[in-house]
Amino acid sequence: MKQQLEQIRQAALCELDGCAALPELDAVRVKYLGKKGELTAILKQMGKLSAEERPVIGQLANEIRAGLEEAISAKSEQLKAAELEKKLENEKIDVTLPSKKNALGHKHPLSVVLEEVEDIFMGMGFDIASGPEVEWDYYNFEALNIPKEHPARDTQDTFYITENMLLRTQTSPVQIRVMEKQQPPIRIISPGRVFRSDAVDATHSPLFHQIEGLVVDKGITMADLKGCLESFAKRLYGEDTKIRLRPHHFPFTEPSCEVDVSCFRCGGKGCPMCKNEGWIEILGAGMVHPKVLKNCGVDPEVYSGFAFGMGLERLTMFRFSIDDLRLMYENDMKFLSQF
Ligand code: DAH
């Protein structure tokens, strides 16, 4: 039995020596010192020994157990120290490495174009005005010479809060609000959100943006309208840009027109961008209707003015050759990071 014990000691020490990690060490402990361990098994046979042998073997077994326990604990300390060392080595900070770059955001294409438009008009002496998105029927329609049964309301169906309160369909009501508060001279643009109950497709959205313009003073004529919008078009699309006025109808202007710019892609020769027309429509405009001036307490015998309204999405789509309106609202970084 003595021999067996010696063998166990040798084998255990040898295995301990070969342990490279804590779980392995624990396995060795269990194998020899555990309840079903090899040393324990020997000790269970002690009863078979003679009275003389028992204390001798008992002492040796205890000695071996104590020796192994000590060796295991020493090895455990050693392995723990090595593991810590390795961890520290891995977590070492190299202060000379280049730092991680913070991704810097940038403006949405709609904001880029809006700010350009604002800069251009502010350069011509315009102020920026704003009005509410939830608007009275009176400001959105009635005061703009669009009475209840007017067919122009059909194309501008919207979301009603009450019978007389709605989400504005255009930025034109800001014209009324400005003229009610301020006597001419008036020179403002008013950008903002507008709403229509339109289904979403590549060119329609129930929410979009317009930029309204209004100039009222003594002696304002159609020539001022044309000169102002031509300067604007040249600043936005380049000095070679020409504009063309086509007769149109808006209830709040008389005469009214639509304004086209010569295609900035092909210079007017015709290309897919302008659908081979050479011209691209960018806004509606006209001389403020005398009835509208009167509605706001401005005397049409003394003052005259022009107004215009354009869609920011449309301007932006042409500006950056974007062919689907929906891209501008999807917050897709792959799209947005291009601008
Ligand atoms: N409010 C018009 C629309 O949404 C656009 C417009 C046309 C505005 C002519 C004007 C204007 O100020 O004079 O279709």
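Whatever order the structure lists them in is the order used to number ligands and atoms, beginning at 1.
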Check ligand 1 against Thr253 and write out every atom of the ligand that is under 4.0 Å from a heavy-atom position of the residue. 13 (O)
For atom 5 (C) of ligand 1, which candidate among Gly309, Gly286, Ser256, Cys257 provides the closest heavy atom? Gly309
Could you tell me whether the side chains of Asn164 and Thr162 share a donor-acceptor contact shorter than 3.5 Å? no
Could you tell me whether some N/O pair between Thr169 and ligand 1 is separated by less than 3.5 angstrom? no
Ranked by distance from atom 13 (O) of ligand 1, the top protein heavy atom is Ala307 O, 3.1 Å
Within the 4.0 Å heavy-atom cut-off, what Met310 brings close to ligand 1 is neither
Should you measure from each heavy atom of Gln210, which atoms of ligand 1 turn up under 4.0 Å away? 3 (C), 4 (O)
Pair Lys291 + Glu254, salt bridge at N-O below 4.0 Å: no
Within 6.0 Å of NZ in Lys148, more than 12 heavy atoms from elsewhere: yes
Presence of salt bridge, Asp299 and Lys294, under 4.0 angstrom: no
Do the numbers put Arg177 on top of the ring of Tyr139, so that NZ or CZ is under 6.0 Å from the six-membered ring centre and no more than 45° off the axis? yes
Enumerate the atoms of ligand 1 whose separation from the nearest heavy atom of Ala285 is less than 4.0 angstrom. 9 (C), 11 (C), 13 (O)
Does Phe250 reach ligand 1 with a nitrogen or oxygen that is under 3.5 Å from one of the ligand's nitrogen or oxygen atoms? no
Atom 2 (C) of ligand 1: closest protein heavy atom, distance to 0.1 Å, is Gln170 OE1, 3.6 Å
Ligand 1 to Gln175, heavy atom cutoff 4.0 Å, flagged ligand atoms 12 (O)
Among protein heavy atoms, which sits nearest to atom 12 (O) of ligand 1, and what does the distance come to when rounded to 0.1 Å? Glu212 OE2, 2.6 Å
Atoms of ligand 1, numbered as shown, that sit under 4.0 Å from any heavy atom of Ser172: 1 (N), 8 (C)
Please check whether Phe252 reaches ligand 1 - meaning an N/O of the residue sits under 3.5 Å from an N/O of the ligand, judged on distance alone. no
Within the structure, is a non-hydrogen atom of Arg196 found at a distance of less than 4.0 Å from ligand 1? yes
Has Lys234 got more than 12 heavy atoms of other residues, nucleotides or ligands less than 6.0 Å from its NZ? yes
SB check Glu116 Arg235 (cutoff 4.0 Å): no
Basic-acidic side-chain contact under 4.0 Å: Arg187, Asp127: no
Is any side-chain N of the basic residue among Arg153 and Glu142 closer than 4.0 Å to the acidic one's carboxylate O? yes
